[in-house]
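So the structure is just underneath, and the comments pick up after that.
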Amino acid sequence: MKLQQLRYLRAIVNHDLNISAASKSIYTTQPGVSKQIGLLEAELGVKIFERKGKNLNAITSIGKQIIDEGMKILAVEERIYAISRDYLNPEGGCLNIYTTNTIARFLLPKTVEKFVKKHPDITFHIGAAHPDENGAIIKKGHSDFSIVAQDVERDKDLIVLPAYKWSLSLILPSNHPLRKEKDITLEMISKYNLISYDSGSTGKIAQDTAFAEQGIKPTYFMTAMDVDVIKQYVSMDLGIGIIATIAAKQICDGDIVAIPLKGIIPDCDAWICYSRNVFLQKHMYDFIESFAPHLKQEVMEVIAHSTNNEIVKISQEFELPRY
């Protein structure tokens, strides 16, 4: 068994069993990947993947167990390299972050600007956080950490920490009837087609909860994660939008206006997540604390040795930034 074969397995899984896309992502050939996976299956004596013709169709039950263990081996390998890099060149390297469009565009720039003044030799890779076919938003092994405003399923290998609270605002054309209302209610809002975030977003969850508590069933004309897409369809008068307040403040102009929904829809959660196997280097601690001041290095070091239940209790003491 070779580490490279395990890397091929990871690439295949992360590209929905598409060998062609997986091979491109790791800069090798499709026949080479197929051959190595075949050799690994022959060595182990079991099939990791079910096949339909030349294509991979599914992961076998034993294959899932093998892949899980293989990912642990790769995580240890990456941790060893990270420890070495931190010793040899603590001010070098690339910070890999998976996040959402809104966070990358409206929240991260201030932190990045401050960070690069202290760590000018660190580069960045910002990846898009999209749910995979199983609904998982966190892609372990791809990022140093993720910053998301989606519902995150906790597991024993993942540390999930509250990053901040965010509020929602209504966006609508400047000549919309609701613009004249002084006290907007959910019932008023529900009379119009809505355009808002996908169902996994904590913003959409907060909306659905608020409407359900009042026995209201709103009509969603469209859901999208990109606030510019939502704004575009609001400007076409196809519905009214509900988006993050921090985004609404920056994208609204004379034709589209924003109305805060503070007190109407509860604030939403955002999270910083990372694998327990990630070795957090000094510059990573600095970045996280700059973005979320309550997550100081000494706190993070305690959290590293805490169970998920203990982390939840610790998190309840945090005073979170609000946007």
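Since we're looking at a predicted model, the values are computed, not measured.
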Given L280 and D144, is the side chain to side chain contact (heavy atoms under 4.5 Å, CB included) satisfied, shown in steps?
CA-CA 8 Å; L280 293 177; D144 293 315; 6.0 Å; no
Evaluate R7 against E77 for salt bridge (Lys or Arg N to Asp or Glu O under 4.0 Å), listing each step before the verdict.
CA-CA 11 Å; R7 295 189 192 102; E77 179 202 24; 2.3 Å; yes
F287 vs S290, side chain to side chain contact (heavy atoms under 4.5 Å, CB included): CA-CA, chis, key distance, verdict
CA-CA 5 Å; F287 187 89; S290 181; 5.7 Å; no
Beyond-backbone contact of H294 with P321, side-chain heavy atoms, under 4.5 angstrom
yes
Between the side chains of K231 and D253, is the shortest nitrogen-to-carboxylate-oxygen separation below 4.0 Å, so that they form an ion pair?
yes
Value rounded to 0.5 Å, distance of CG in L9 from CG in L3:
11.5 Å
Give a yes or no on whether a salt bridge exists between D68 and K64, defined as a side-chain N under 4.0 angstrom from a carboxylate O.
no
V257 and S174 have their tightest heavy-atom pair at CG1-CB, 4.1 Å
So how far is it from I171 CD1 to S196 OG, rounded to the nearest 0.5 Å?
9.0 Å
Any V160 side-chain heavy atom under 4.5 Å of I311 side chain
no
Would you say the side chain of F279 lies within less than 4.5 Å of the side chain of E78, judging by non-hydrogen atoms?
no
Same apolar cluster: I62 and I67, side chain cutoff 4.5 Å
yes
On a heavy-atom basis, the closest approach of I246 and L107 is CD1-CD2, 3.0 Å
CA sep, side-chain torsions, deciding dist, call: L95, M284, side chain to side chain contact (heavy atoms under 4.5 Å, CB included):
CA-CA 8 Å; L95 195 54; M284 296 180 189; 3.7 Å; yes
Would you kindly confirm whether I216 and I242 end up in one hydrophobic cluster when ILVMFWY residues are joined by side chain heavy atoms under 4.5 Å apart?
yes
For N277, does its backbone N or O pair with a side-chain atom of S275 as donor and acceptor, under 3.5 Å?
yes
Please determine if D228 and R105 form a salt bridge, counting it only when a charged side-chain N lies under 4.0 Å from a carboxylate O.
yes
Rounded distance (nearest 0.5 Å) linking atom CD of E187 with atom CZ of F211:
10.5 Å
Has the side chain of Q207 got a donor or acceptor atom that lies under 3.5 Å from a matching backbone atom of G203?
yes
For a side chain to side chain contact (heavy atoms under 4.5 Å, CB included) with I37, tell me which candidate from L56, I12, I19 qualifies.
I12
Does some side-chain heavy atom of V33 sit less than 4.5 Å from a side-chain heavy atom of S23?
yes
Test N57 against L17 for side chain to side chain contact (heavy atoms under 4.5 Å, CB included), laying out the working first.
CA-CA 7 Å; N57 190 43; L17 307 189; over 6 Å; no
For the residue pair Q30 and S20, what are the closest heavy atoms and their distance?
OE1-CB, 3.4 Å
Between F145 and F291, is the ring centroid distance below 6.0 Å?
no
Can you check whether L39 reaches K35 side chain to side chain, under 4.5 Å on heavy atoms?
yes
In plain terms, say whether D267 and R322 are close enough for a salt bridge, that is, a side-chain N and a carboxylate O under 4.0 Å apart.
yes
How far apart are the closest heavy atoms of E289 and Q297, and which atoms are they?
OE1-N, 4.1 Å
Tell me whether I73 shares a hydrophobic cluster with L40, the cluster being built from Ile, Leu, Val, Met, Phe, Trp, Tyr side chains joined at under 4.5 Å.
yes
Could you tell me whether a side-chain N or O of S169 sits under 3.5 Å from a main-chain N or O of A248, the two making a donor and an acceptor?
no
Please check: side-chain N/O of T202 versus main-chain N/O of Q150, any donor-acceptor pairing under 3.5 Å?
no
Do K296 and E301 have side-chain heavy atoms sitting under 4.5 Å apart?
no
Inspect the contact between D157 and K72 and indicate whether a charged nitrogen and a carboxylate oxygen are less than 4.0 angstrom apart.
no
Nearest 0.5 Å please: distance from the NE2 atom of H15 over to the NZ atom of K24.
10.5 Å
Are R10 and M71 close enough that some pair of their side-chain heavy atoms sits under 4.5 Å apart?
yes
Identify whether V13 and L44 are in the same connected component of the hydrophobic contact network (ILVMFWY, side-chain heavy atoms under 4.5 Å).
yes
Is the distance between the ring centroids of F221 and Y192 under 6.0 Å?
no
For A104 and I126, work out which heavy atoms get closest and say how close.
CB-CG2, 4.1 Å
If the threshold is 4.0 Å, N to carboxylate O, is there a salt bridge linking R51 and E41?
yes
Where is the tightest heavy-atom contact between A163 and I272, given as atom of each residue plus distance?
CB-CG1, 3.7 Å
CZ/F124: more than 12 non-hydrogen atoms of other groups inside 6.0 Å
yes
Are there more than 12 heavy atoms of other residues, nucleotides or ligands under 6.0 Å from atom OH of Y285?
yes
Any heavy-atom pair between the side chains of I189 and L194 that's under 4.5 Å?
yes
In this structure, are over 12 heavy atoms from other groups packed under 6.0 Å from E298 atom CD?
yes
May I ask you to decide if Q232's main-chain N or O and S235's side chain share a donor-acceptor pair within less than 3.5 Å?
yes
Polar side-chain atom of Y323 near backbone of F106 as donor-acceptor pair, under 3.5 Å:
no
Cluster overlap L238 with I256, hydrophobic side-chain contacts below 4.5 Å:
yes
Atom pair CH2/CD1 of W166 and I243 - distance to nearest 0.5 Å:
9.5 Å
First locate atom CD1 of I240, then atom NZ of K191, and finally report the distance between them rounded to the nearest 0.5 Å.
12.0 Å
